[in-house]
Trainee: 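Sharing a structure below in structure tokens format, with a few things to ask.
The basis for the numbers below is simple: all heavy atoms, side chains too, and nothing from hydrogens, waters or symmetry mates.
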Amino acid sequence: MSIFYQNRRERLRLYTSQNNTFASHLHKQVELILVLEGSLTITTDSSPHKLNAGQGIIVFPNRLHSLYTDVSTGSRILLCIFEPDFCPHYRKYFQNYIPDRNHFDVNELSVHSRLATQQLLALTETFDRKETIPAYISSLAEGYLSLLLADLFIPSSANPFHLQHQNGAEDLELEQRVLIYLDEHFTEELSLEHLSKEFGISRFQLSRLFSEKLQTGFPSYVTSKRLEYARELLSTTDESVTNIALDAGFGSSRSFFREFKNAYQLTPNEFRKQHTK
């Protein structure tokens, strides 16, 4: 399976999911997963860990992870994805540390954390997943998450994570650093030569990284990032298609129209009519 950088712009996503299987990816948010039924195998930084009902895991920002559900057992999980500063007191932990382990058993946590996980699950039933989470629900989720994080991160608690200081991007694998860089610069003029200078490796090594690790070509990956961004602009703004093409990093409207039609079988204008929010 290919590796990709997942763009999320909401400060909080909270929902339940069944039989979740997801390719290896990373994003700048924190991801909390709690298994409610069945079992789920989650691989973080190449280390697989099987979670059963009542067990959970916290994936720190920009760490590679994938999800796999065995169809014979199935799974139902609670997913909570949030910005590192969503719970302000814990931002420093997510920005500066990594845990020696990131999985936990709910039954080994305090009564406050057990209640917090129950209430996070209850919140998912108070709004539609397709809608923006109401402000008061977001505030409640912040409180419940803070209770849970206190148990996991504060040294005086019964079952804390042991946190190790990290050196930012230096501790990440090359493919992670490349994906993060592209997520920040995909609207700019990019080339393998540019990346080669940025990361101090040859064009051949980069090309091999994309073909073997990311299982795509460099131009295709950048184009997919630009198209994803253009789709969002088409459905959420009144900007002209020409301006959107330029904002997304396409050199011309003609190339944008061609790539968009090839990817979605619709012109940008047809897509906008069908998906305007």
Trainee: Please say whether more than 12 non-hydrogen atoms of neighbouring residues, nucleotides or ligands are located less than 6.0 Å from CZ in R208.
Mentor: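 Counting other residues, nucleotides and ligands, CZ of R208 stays at 12 neighbours or fewer.
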Trainee: Partners of S240 by side-chain hydrogen bond (donor to acceptor under 3.5 Å, both in side chains), sequence neighbours excluded?
Mentor: N243
Trainee: With sequence neighbours left out, what residues match E228 under side-chain hydrogen bond (donor to acceptor under 3.5 Å, both in side chains)?
Mentor: none
Trainee: Please identify each residue that fulfils salt bridge (charged side-chain N to carboxylate O under 4.0 Å, His left out) with R272, with sequence neighbours left out.
Mentor: none
Trainee: For atom OH of Y97, decide whether the heavy atoms of other residues, nucleotides or ligands shown that lie under 6.0 angstrom number more than 12.
Mentor: no
Trainee: Using only heavy-atom distances, determine whether the side chains of D247 and Y229 contain a donor-acceptor pair under 3.5 Å.
Mentor: no
Trainee: Return a table of donor-acceptor pairs under 3.5 angstrom between the side chains of residues 197-204 and protein atoms on other chains or two or more places apart.
Mentor:
from	atom 1	to	atom 2	distance (Å)
S202	OG	Q205	N	3.1
S202	OG	Q205	OE1	3.3
R203	NE	E193	OE2	2.9

Trainee: side-chain hydrogen bond (donor to acceptor under 3.5 Å, both in side chains) with T223: which residues, sequence neighbours excluded?
Mentor: none
Trainee: Is the backbone of E173 close enough, under 3.5 Å, to the side chain of Q176 for a donor and an acceptor to pair up by distance?
Mentor: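 Yes, because the side chain of Q176 sits within donor-acceptor range (under 3.5 Å) of the backbone of E173.
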Trainee: Please check if any side-chain donor atom of S66 sits under 3.5 Å from a side-chain acceptor atom of S24, or the reverse.
Mentor: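 Per modelled atom types, S66 and S24 side chains form no pair under 3.5 Å.
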Trainee: Can we call the ring centroids of H65 and H49 under 6.0 Å apart?
Mentor: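 So the answer is no for these two rings.
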Trainee: Who passes side-chain contact (heavy atoms from CB on, under 4.5 Å) against P88, sequence neighbours left out?
Mentor: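 Partners of P88 by the side-chain contact (heavy atoms from CB on, under 4.5 Å) criterion, ordered by chain and then number, come out as E142.
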Trainee: Within a reach of under 6.0 Å around CG of D100, are more than 12 heavy atoms found that belong to other residues, nucleotides or ligands?
Mentor: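 More than 12 heavy atoms, drawn from other residues, nucleotides or ligands, come within 6.0 Å of this atom.
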Trainee: Output yes when K28 and D183 qualify as a salt bridge under the 4.0 Å nitrogen-oxygen rule, no when they do not.
Mentor: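 Here K28 does not pair with D183 in a salt bridge, since their nearest N and O are not under 4.0 Å apart.
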Trainee: Parallel, tilted or perpendicular: which one describes the rings of F260 and F256, with boundaries at 30° and 60°?
Mentor: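 Perpendicular.
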Trainee: Do the side-chain N and O atoms of T124 and T16 include a donor-acceptor pair separated by under 3.5 angstrom?
Mentor: no
Trainee: Compute the centroid of each ring, for F153 and then for F94, and state whether the two points are separated by less than 6.0 Å.
Mentor: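 Ring centroids of F153 and F94 are less than 6.0 Å from each other.
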Trainee: On the ring face of F86, is R11 found with NZ or CZ under 6.0 Å from the centre and within 45° of the axis?
Mentor: no
Trainee: Kindly assign one of parallel, tilted or perpendicular to the pair F161 and F104, based on the angle between their ring planes and the thresholds 30° and 60°.
Mentor: tilted
